[in-house]
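Working notes, beginning with the structure itself.
If you're wondering where the values come from, they're calculated on a predicted model, not measured in any experiment.
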Amino acid sequence: MAAKTGRIELILILGSLAAFGPLATDMYLPALPEVARALGGTSSQVQITVATFFFGFAAGQLIYGPLSDRFGRKPPLYWGLGLFTLTSGLCALAPSVDTMIALRFIEAFGACAGTVISRAIVRDLFKPEEGARVFSTLMLVMVIAPIVAPLIGGYLLLWFDWQSIFWAITLAGALSLASVVFRLPESRKSDPEHSLALGNIVKVYASLLMQRRYLMVALSGAFGYGGLFAYITGSPFVFIEGYKLAPQHYGWLFAINSAGIMAASQINRALIHRLGAATMLRAAGAFQMLVGVAMFIVAVTQWGGMIAFVVPLFLYVACNGIVMPNSTALGLADQQKNAGAAAALMGSIQFSVGTISALSIGALHAVTPLPVAAVIALAGTLTTLALLAAR
């Protein structure tokens, strides 16, 4: 593989594939209030477009995992990236909120191919501890999307209109598809003996769910996603509507929090050989629980204003730079033949929890810090409980 694609280029391509979820969500966040006004919808309806994206992202992974185990990693990527690129362009032309909700589901169904298959490729090529380091490096690449995306989205909204955001996402999808076609090597050959019969797929997923270590580690990462998605879904309205922050300034705030993930992922990469993936994961999970509870107390007492709320939020979000790569590497460590299915199920669990979290924020009409803080505190607590059960 090194003869065709160097390690750095490989990680950049895999990072871009894994970044489609945050790219398609975070670039769109500053425009949520404007989309609600332009399409004649309410804040809750527009928040559903975020939740539907998460739901499509969760459901689609269950399909791409077995497909990538059967046909190799690249053919399902072609389909997924093509679908993502097409529907992103159609989102720019959406005439109503209901149409946007449907298109966002289909868009996510294409985008999730990059996330699940990039994880499977890392599992194909690297052993567990090295895989955790690679996942941490991927986090560095992936975090560029959450840092840059809201800034781009905010300024596109300032200079043009909300549709320009989806045209930019369409261009990113087309460029990534080209990099997969011409630069990404195949890491797993087609396996004709790998059955795609529904009964066999269900049997594989059921066997994975029966593995306590795999399930609990997957859930620990999923609850981390739950808190993160509560922040993603609720923060535009909390900061822009509640704290009266300008959309472009919200983009900078979002970028700072994303930089925290980047810093934590590199701390994880530096310490993982010394402390081990399991120790790093347990420590980060416990810290998320503590700062989540602190955030909830700040929201209830309304002490310290926006700054007092932002500090524990930053710390919680940053810890995902440790929770995500380690939970992924540990969860996939024992999987070989069904690595694609295991990566798909893990991603589906994570985004299912994220969808529930996002829907909860929408149902609570979160324009104040309290609903977001409550969901994040609960997610941090559940992360720690899942890790205790995995132990």
Side-chain angles (χ1 to χ4, degrees), residues 20-59 84 87-111 145-146 149-158 160-170 225-226 228-251 253-254 257 351 354-372 375-376:
F20 276 119
L23 174 70
T25 302
D26 301 342
M27 189 181 291
Y28 171 55
L29 292 180
L32 288 181
E34 178 60 29
V35 171
R37 287 188 287 268
L39 299 183
T42 65
S43 62
S44 295
Q45 286 177 315
V46 176
Q47 283 174 329
I48 289 174
T49 67
V50 179
T52 347
F53 184 90
F54 294 155
F55 180 70
F57 212 93
F84 171 80
T87 49
S88 295
L90 292 176
C91 282
L93 305 174
S96 66
V97 175
D98 290 339
T99 304
M100 177 70 78
I101 289 172
L103 286 172
R104 288 283 287 171
F105 176 83
I106 301 171
E107 182 188 33
F109 209 85
L151 295 174
I152 295 175
Y155 283 102
L156 284 174
L157 189 62
L158 182 65
F160 303 105
D161 51 29
W162 66 267
Q163 289 94 337
S164 64
I165 294 174
F166 283 102
W167 291 124
I169 294 172
T170 301
Y225 269 82
L228 185 64
F229 287 4
Y231 154 66
I232 290 172
T233 307
S235 63
F237 291 93
V238 170
F239 289 108
I240 295 174
E241 301 288 339
Y243 287 119
K244 307 301 179 185
L245 206 61
Q248 61 269 27
H249 295 158
Y250 167 79
L253 177 64
F254 198 94
N257 285 332
F351 276 85
T355 300
I356 294 171
S357 175
L359 288 172
S360 300
I361 294 298
L364 293 170
H365 305 286
V367 293
T368 65
L370 184 56
V372 174
V375 174
I376 287 177

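- Of all heavy-atom pairs spanning Leu103 and Cys91, the tightest one is CB-SG, 3.7 Å.
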For this session: Using the side chain to side chain contact (heavy atoms under 4.5 Å, CB included) rule, take Trp162 and Leu39 through it: C-alpha gap first, then chi angles, then the decisive distance, then the call.
Result: CA-CA 11 Å; Trp162 66 267; Leu39 299 183; 4.0 Å; yes
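- For Gln163 against Ala92, the heavy-atom pair with the smallest separation is CG-O, 3.0 Å.
- Here the CH2 atom belonging to Trp167 is positioned 10.5 Å from the CG atom belonging to Asp161, to the nearest 0.5 angstrom.
- Across all non-hydrogen atoms, the minimal contact from Ala108 to Gly56 is CB-C, 3.8 Å.
- Note that CZ of Phe57 and OH of Tyr225 are 8.0 Å apart. Values are rounded to the nearest 0.5 Å.
- Here the closest non-hydrogen pair linking Phe105 and Thr52 is CD1-O, 3.8 Å.
- Residues Phe53 and Arg104 come closest through the heavy atom pair CD1-O, 3.5 Å.
- Scanning all heavy atoms of the two residues, the minimum distance from Val375 to Ala230 falls at CG1-CB, 3.6 Å.
- With rounding to the nearest 0.5 angstrom, the CG atom of Leu90 is 10.5 Å from the CE atom of Met100.
- Between Phe84 and Ile169 there is a side-chain heavy-atom pair separated by less than 4.5 Å.
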Exercise. Where do Phe109 and Thr87 land on the side chain to side chain contact (heavy atoms under 4.5 Å, CB included) test, with the steps shown first?
Worked result: CA-CA 10 Å; Phe109 209 85; Thr87 49; over 6 Å; no
